Amino acid sequence: MAQISANPIISDLRDRIQHLEGAAARRTSVLPFGVAEIDAQLPGGGLAFGALHEVAGGGNGAIDGAAAALFIGGIAARTTGKVVWCLTRFDLFFPALAQVGLHPDRVIFVECDKEETVLASFEEALRYGGLGAVVAELVRLPMTASRRLQLAAEKSGTLGLVIRRWRRQTEASDFGMPTAAVTRWRISVLPSEPLPVPGVGRARWLAELMRVRAGEGGQFIIGACDGKGRICLSSDAADRPDQARRSFAQS
């Protein structure tokens, strides 16, 4: 019996389907927090790879801003591979990042002279692929730029993390403007959780999930990232479930 030659049209369709299935698999892979109450609010049970995520401090001060950076650092620490961190102000405290599991030898810092260079470097790193995460410190995130970044993350399957930082009060209002980010978080410092050792307590944060695509936001009282980048639901909040998690409609 003569062998039937492969139909080039069918072969091309098969290749396209495999490519689309591979892209879909990258988009649906997630990085769980390991906290059931938080992961339940996120489609897929965690932060989506191949997506853009925004985090800001709950206030305009340096303390909440530092908590937001450590929250991001803990997320990046739980990924595999190098982490690219783009910024204009080289004021990160390396020992603090190491304490949340993100050791400096894993991080490639890209120091830029202006925000436009941060955006360009962020997008290039996202498109490169093969990285654990890409972080950018930004004052503003225009919708057009965020769409480009989201598309770049989708193409490579890389986790894109944006820290919103402000130099003055008037810049903070930009955080309310819409972007293409899949999730938007706000982190605020709370009094430390008491421990049996006098004078020592684990830092606590209020983590507000302000927006999540195809999901519902909420707020959580959490213990700050430990040495492996992991957070936990505060024991004080667990005793008061009405304050540990409160859902709200997304804007």
Side-chain angles (χ1 to χ4, degrees), residues 31-42 46-47 53-78 85 89 91-103 135 137 139 161-169 171-176 183-212 215-251:
L31 179 69
F33 282 99
V35 179
E37 293 82 355
I38 298 178
D39 291 336
Q41 299 297 105
L42 301 168
L47 288 179
H53 306 275
E54 280 184 88
V55 180
N60 300 323
I63 295 177
D64 287 341
L70 291 177
F71 182 72
I72 287 281
I75 293 170
R78 293 184 294 110
W85 197 302
R89 288 180 284 176
D91 56 0
L92 285 172
F93 187 54
F94 295 158
L97 288 179
Q99 285 181 350
V100 299
L102 185 60
H103 295 278
V135 182
E137 298 183 9
V139 175
L161 303 168
V162 176
I163 305 175
R164 304 297 298 275
R165 297 188 64 181
W166 302 287
R167 295 178 177 86
R168 54 187 68 89
Q169 177 84 23
E171 294 174 337
S173 60
D174 188 72
F175 188 59
T183 66
R184 173 179 286 177
W185 301 79
R186 190 164 60 188
I187 307 297
S188 305
V189 173
L190 296 175
S192 298
E193 180 178 353
L195 292 177
V197 182
V200 178
R202 182 173 181 175
R204 292 193 307 166
W205 300 330
L206 174 63
E208 299 174 85
L209 179 55
M210 307 298 296
R211 178 184 181 276
V212 52
E216 183 182 4
Q219 59 183 29
F220 314 88
I221 298 175
I222 60 174
C225 299
D226 65 11
K228 294 184 178 179
R230 299 171 301 192
I231 59 173
C232 66
L233 199 65
S234 171
S235 60
D236 179 58
D239 293 335
R240 296 179 295 163
D242 60 317
Q243 295 191 29
R245 173 190 175 279
R246 185 173 67 194
S247 297
F248 49 83
Q250 62 178 331
S251 58

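We're numbering straight along the sequence, starting at 1. Computed from a predicted model, the values in this text were never measured in an experiment.
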**Q** Kindly compute the distance separating SG (Cys232) from CD (Glu37), expressed to the nearest 0.5 Å.
**A**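 Going from the SG atom of Cys232 to the CD atom of Glu37 covers 10.5 Å.
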
**Q** Considering non-hydrogen atoms only, spot the tightest contact between Cys225 and Val100 and give its length.
**A**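 Looks like CB-CG1, 3.7 Å.
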
**Q** Could you report the tightest heavy-atom contact between Arg78 and Gly229, atom names first, then the distance?
**A**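 Looks like NE-O, 3.2 Å.
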
**Q** As an exercise, state the distance from OG of Ser188 to CZ of Arg204, rounded to the nearest 0.5 Å.
**A**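 Nearest 0.5 Å value for the OG-CZ distance: 12.5 Å.
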
**Q** List the residues meeting side chain to side chain contact (heavy atoms under 4.5 Å, CB included) with Phe94, not counting sequence neighbours, and say none if there are none.
**A**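 Listed in chain order: Phe90, Leu92, Pro104, Phe109.
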
**Q** Compare all side-chain heavy atoms of Val212 with those of Gln41 and state whether any distance is below 4.5 angstrom.
**A**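 They are not in side-chain contact.
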
**Q** So does Gly34 get a backbone contact from the side chain of Asp39, meaning a donor-acceptor N/O pair under 3.5 Å?
**A**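 Yes.
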
**Q** Only one of Ile231, Leu233, Leu47, Leu209 clears side chain to side chain contact (heavy atoms under 4.5 Å, CB included) with Ile38; which?
**A**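 Result: among Ile231, Leu233, Leu47, Leu209, Ile231 is the only option passing the side chain to side chain contact (heavy atoms under 4.5 Å, CB included) with Ile38.
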
**Q** Can you name the residues that form a salt bridge (Lys or Arg N to Asp or Glu O under 4.0 Å) with Asp226, not counting sequence neighbours?
**A**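 By the salt bridge (Lys or Arg N to Asp or Glu O under 4.0 Å) rule, Asp226 matches Arg230.
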
**Q** If we ignore hydrogens and angles and just use 3.5 Å, is the side chain of Arg164 paired with the main-chain N or O of Val139 as donor and acceptor?
**A**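 Yes; at least one donor-acceptor contact below 3.5 Å.
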
**Q** Side chains of Val35 and Ile222: closer than 4.5 Å at any heavy-atom pair?
**A**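 Sidechains of Ile222 and Val35: no contact.
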
**Q** Kindly give the heavy-atom pair with the smallest separation between Gly57 and Ala68, and that separation in Å.
**A**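 Nearest pair, atom of Gly57 first, then Ala68: N-CB, 3.7 Å.
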
**Q** Tell me every residue that passes salt bridge (Lys or Arg N to Asp or Glu O under 4.0 Å) with Glu137, counting only those two or more places apart in sequence or in another chain.
**A**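 Glu137 satisfies salt bridge (Lys or Arg N to Asp or Glu O under 4.0 Å) with Arg165 only.
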
**Q** Under the rule for side-chain hydrogen bond (donor to acceptor under 3.5 Å, both in side chains), what residues qualify as partners of Thr183, not counting sequence neighbours?
**A**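 Thr183 satisfies side-chain hydrogen bond (donor to acceptor under 3.5 Å, both in side chains) with His53, Trp185 once adjacent residues are dropped.
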
**Q** For residues 69-76, run the donor-acceptor check on the side chains, cut-off 3.5 Å, and write out each pair with its distance to 0.1 Å, sequence neighbours left out.
**A**
none

**Q** With Arg186, which residues qualify under side-chain hydrogen bond (donor to acceptor under 3.5 Å, both in side chains), at least two apart?
**A**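 Counting only residues at least two positions away or on another chain, Arg186 forms a side-chain hydrogen bond (donor to acceptor under 3.5 Å, both in side chains) with Glu208.
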
